[in-house]
Amino acid sequence: MDEAVNRSSFWNATGTPTDYPALAGAASADVAVIGAGMVGVTLADRLKRAGKTVVLIEAQRVATQATGRSTAKLTALHGLTYSRITDRHGPEAAQAYARANLEALEYVATRVAETGIECALERTTAYTYSANGESVPQLRREVQAAQRAGLAAHYVEEAPLPTPLVGAVRLEQQIQFHPQRYLAGLAAQIEGGGSRVFENTRAIEVEEGNPCRVLTDVGTVTAARVVLTTHLPFMDRGLFFAKAFPRRHVVLAARIPDERVPDGMFLCSDSGGISVRAFRDEQGAILIATHTGERPGHHPAEQRYRELEHKIREQYQPDQILNCWSNEDYMSMDGMPFVGRMPATEQVFLATGFSAWGLSGGTAAANLLADILLNQRNPLSRHWRADRWTLRRSGGEFLSTNLHTLREMVADRFMALKAPSAGELANGEGGLVRHHGHLRAAWRNAAGELRTYSPYCTHLRCVLAWNGIDRVWECPCHGSRFDHEGRAVHGPARRDLRRYD
């Protein structure tokens, strides 16, 4: 990869910097919200406006993880989702899903208008399309399911995309925006009146009680209720790591000529298809593109980047590749998010499993959680309830995915046989190596100094894989990430990697 390409996400690189302090000692509130992404910030903002005091804590910076690494499409058109939900859960569930996502769009638009947040929000049309005809039958079925669910979707054979397409599902009046700027602006509404935002504060444990206690690496938060909005809950109650699986997407931002700009948001439903949208700054048009995604650790991220770059250069003739990064989403086994009370608890709540649609779905989840905490009725609660089991409606995905996880857990005995020696690792590179007869996760810095760590995820000891784009270790089982210095980036892992040298 060209070292001139910025390896941070485009949204984080061009966003509104936040600088909230770390927790120092103790804090208390009515509600503690853990995780400052789309769900957490939206929820904290709504609770604050309802008269509750809130403490929002984030292990890194506001909106810089899954939300700030997304393609930033805010839409109710979710690929081939509605036909799947109808098949697995019935038409009423599909209608509730559509209504919640449409309401989420209007909620975001309203908050932007109320607060004056500058986040480049604009209305546009969303398309799910087939470039070669492979998925046309599924698209025709999807448009019927989407219409029955209440969406004003239509099947079209033409769309304003500068590359060929055979057919598409079209949904107007959707939204694209700058997600990091939006949440940075929303977080500013939370501070004050007994509510606080803390960054660089990693939650380690939640002790339920009266009040509950959130133990962090820098202090303790006490609150009557606790909500986990950490992508995947780090508490293992409910076995959400077995009911949702991680999917990694490589994303790039490229400056493109005006005549190649797509007019709308486009997701290709063919195998190997790409997803694109445009963003404009003072210098012109920028394309945000990603591929269909895969389990982390199964193919080198750099290889996927090269494949995506080749397609973008071929189809859009970019003037410059600006940014490249990867993101992880958690795919619900049965196609519906898990939102509500944590199983086996009374005062702990969560949201996860948005299946790559966490901006609209995350906003809907935040509003559902707020309604639960404020004792207000929300018809979505029975469809997205967090304590449901997914085996019957997962279409075999539950068994196949968890068998895959078992294979990953025993892979280390074979990895050690084929891993290269530590001496083969170049400066600035990481990888699994043989070092003094042991399998190690290793990183050699620019000065040539070798750092070695345990190659096992601190969640359930799956063997890690190196992601050379983001320079992180990622778990192919449950999606935990660790930076090149072994520090946990996001869970379900809570502990850093053990360092050996």
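Side-chain atoms are counted along with the backbone in the values below, which use heavy atoms only and exclude waters and symmetry mates.
Within the 4.5 Å cutoff, no side-chain heavy atoms of V5 are placed close to those of L322. Residues R202 and T216 are not in side-chain contact: their nearest non-hydrogen atoms beyond the backbone lie 4.5 Å or more apart.
The ring-ring contact (aromatic ring centres under 6.0 Å, His included) test applied to Y127 returns F266, not counting sequence neighbours. Taking the salt bridge (Lys or Arg N to Asp or Glu O under 4.0 Å) definition, one finds that D270 meets it with nothing, sequence neighbours left out. Every residue two or more places apart in sequence or in another chain that forms a salt bridge (Lys or Arg N to Asp or Glu O under 4.0 Å) with R304 is listed here: E294, E307. The side-chain hydrogen bond (donor to acceptor under 3.5 Å, both in side chains) check on S9 picks up N12, with sequence neighbours excluded. Listed by chain and residue number, H231 satisfy the ring-ring contact (aromatic ring centres under 6.0 Å, His included) test with Y330 (two or more places apart in sequence, or in another chain). Residues that satisfy the ring-ring contact (aromatic ring centres under 6.0 Å, His included) test with F10, not counting sequence neighbours, are F279. With sequence neighbours excluded, no residue satisfies side-chain hydrogen bond (donor to acceptor under 3.5 Å, both in side chains) with H490. For E208, the salt bridge (Lys or Arg N to Asp or Glu O under 4.0 Å) criterion is met by no residue, not counting sequence neighbours. Listed by chain and number, the residues in a side-chain hydrogen bond (donor to acceptor under 3.5 Å, both in side chains) with R495 amount to none (sequence neighbours excluded). Contacts of E134 classified as salt bridge (Lys or Arg N to Asp or Glu O under 4.0 Å), with partners at least two apart in sequence or in another chain: none. Remark: H435 pairs with no residue by the ring-ring contact (aromatic ring centres under 6.0 Å, His included) rule, at least two apart or across chains.
A ring-centre distance under 6.0 Å is found for W466 and W443. Close placement of the F240 and F338 rings is indicated, their centers lying within 6.0 Å of each other.
Remark: R494 fails to qualify as a cation-pi partner of F234 under the 6.0 Å distance and 45° angle criteria applied to the six-membered ring.
Between the side chains of S360 and H78, at least one donor N or O sits under 3.5 Å from an acceptor N or O. A donor-acceptor contact under 3.5 angstrom links the side chains of T18 and E199, judged on distance only. Side-chain contact check for N467 and E474: at least one donor-acceptor pair (N or O, by modelled atom type) lies under 3.5 Å.
The pair D329-R248 does not meet the salt-bridge criterion, since no charged nitrogen lies less than 4.0 angstrom from a carboxylate oxygen.
Residue pairs meeting the salt bridge (Lys or Arg N to Asp or Glu O under 4.0 Å) criterion with at least one partner in residues 435-449, sequence neighbours excluded, are E449-R451.
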